[in-house]
Amino acid sequence: MINLILFGKPGSGKGTQAEFVKKKYDLIHISTGDVFRYNISKQTELGILAKSYMEKGELVPDGVTIQMLEAEVNKTPNAGGFIFDGFPRTTHQAEMLDKFLINKKLSISMTIALEVDEKILTDRLISRGKDSGRVDDQDRSKIKNRFEQYNKKTSTLINYYRSQDKFFEIEGTGEISEISERIFNVIDSNI
Ligand code: AMP
């Protein structure tokens, strides 16, 4: 069973690459951002709560995010493994994910980070925002805030996974297929 974290700043291509990884290794892809956006579109209680944070480019509080992630994992008890995309984003989330997986006699296999410069990411996000209409992709100050949240709260996870020998970094620019190959190489050499 492969349980993979796709890691990287907003716009680094986690969602795009998750689609290829999911197909090749037959994994369930869980994007916490996508689950939140789905809940916003359905105007659920969770969606209404998440919206106010997401629109500002801030992280949704850990309590609801962790609970939501656990519910998503529990939906497919017979999965061959998971790709976590956009989760964990704080040390508390990472610790809770480890605990949750241990209870199921599972663990994180590896974390693969897509490394892309913030300037390139900003251009990518602005262009994505034009197509998708995502509010948090259309405003430079919100994008800046998302990078700040990453640098303050999420980047510490690099050490968290590095200390467990589970952290791998790849160059996240170039052709989409080249980037996928880099990810496949990391997975194949470490499972
Ligand atoms: P993403 O689609 O991964 O870029 O996430 C979009 C937004 O959803 C983020 O800016 C956060 O507001 C929220 N979000 C997604 N995943 C998490 C998470 N693991 N913890 C807290 N907030 C999250």
Side-chain angles (χ1 to χ4, degrees), residues 3-19 21-22 28-75 82-101 108 111-118 120-158 160-161 172 179 183:
N3 294 307
L4 178 77
I5 296 171
L6 274 183
F7 194 80
K9 290 180 183 173
S12 58
K14 302 184 294 290
T16 303
Q17 292 300 331
E19 287 305 308
V21 176
K22 162 186 159 168
I28 300 288
H29 171 206
I30 301 178
S31 154
T32 40
D34 283 351
V35 181
F36 282 135
R37 281 184 288 277
Y38 175 80
N39 276 277
I40 290 172
S41 74
K42 297 280 169 210
Q43 296 184 312
T44 66
E45 212 178 303
L46 174 66
I48 291 162
L49 173 97
K51 191 169 184 233
S52 58
Y53 294 95
M54 288 174 76
E55 285 189 344
K56 286 182 265 175
E58 276 165 25
L59 295 188
V60 178
D62 277 347
V64 280
T65 305
I66 292 162
Q67 219 179 12
M68 177 189 90
L69 187 279
E70 293 185 359
E72 285 298 311
V73 171
N74 286 336
K75 277 184 191 167
F82 294 91
I83 304 170
F84 298 106
D85 158 7
F87 186 95
R89 265 172 151 107
T90 64
T91 306
H92 184 55
Q93 290 182 11
E95 288 168 351
M96 295 309 283
L97 177 62
D98 277 346
K99 263 196 203 155
F100 172 69
L101 292 176
I108 291 298
T111 297
I112 303 180
L114 303 175
E115 192 47 45
V116 186
D117 181 83
E118 282 188 15
I120 297 174
L121 290 174
T122 306
D123 293 343
R124 274 193 198 173
L125 290 170
I126 295 279
S127 131
R128 182 171 81 180
K130 282 185 189 136
D131 296 334
S132 70
R134 264 181 71 170
V135 180
D136 57 345
D137 282 348
Q138 291 180 18
D139 179 318
R140 282 182 193 271
S141 70
K142 285 175 188 167
I143 292 175
K144 190 160 166 269
N145 196 25
R146 285 157 75 197
F147 291 149
E148 272 169 20
Q149 300 271 311
Y150 174 94
N151 292 327
K152 255 196 261 162
K153 299 177 183 164
T154 310
S155 61
T156 56
L157 294 179
I158 297 173
Y160 183 88
Y161 290 108
I179 302 167
I183 297 176

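The figures here come from the full heavy-atom set of this structure, side chains too, leaving out hydrogens, waters and symmetry mates. Every value quoted in this text rests on a predicted model; they were computed, and no experiment measured them. Whatever order the structure lists them in is the order used to number ligands and atoms, beginning at 1.
When the shell of 6.0 Å around CD of Glu70 is examined, it contains more than 12 heavy atoms from other residues, nucleotides or ligands.
A donor and an acceptor atom, one from each side chain of Asp98 and Tyr160, are located under 3.5 Å apart. A side-chain donor from one of Glu118 and Asn151 sits under 3.5 Å from a side-chain acceptor of the other.
Using a cut-off of 4.0 Å between Lys/Arg side-chain N and Asp/Glu carboxylate O, Lys99 and Glu95 are scored as not salt-bridged. Electrostatic pairing of Asp131 and Arg128 does not count as a salt bridge here, judged by no charged N lying under 4.0 Å from a carboxylate O.
Remark: the backbone N or O of Arg89 is paired with a side-chain donor or acceptor of Gln93 at under 3.5 angstrom.
Listed by chain and number, residues touching ligand 1 at under 4.0 Å (heavy atoms only) are Thr32, Gly33, Phe36, Arg37, Met54, Glu58, Leu59, Val60, Thr65, Gly86, Phe87, Arg89, Gln93, Arg134, Asp136, Arg146.
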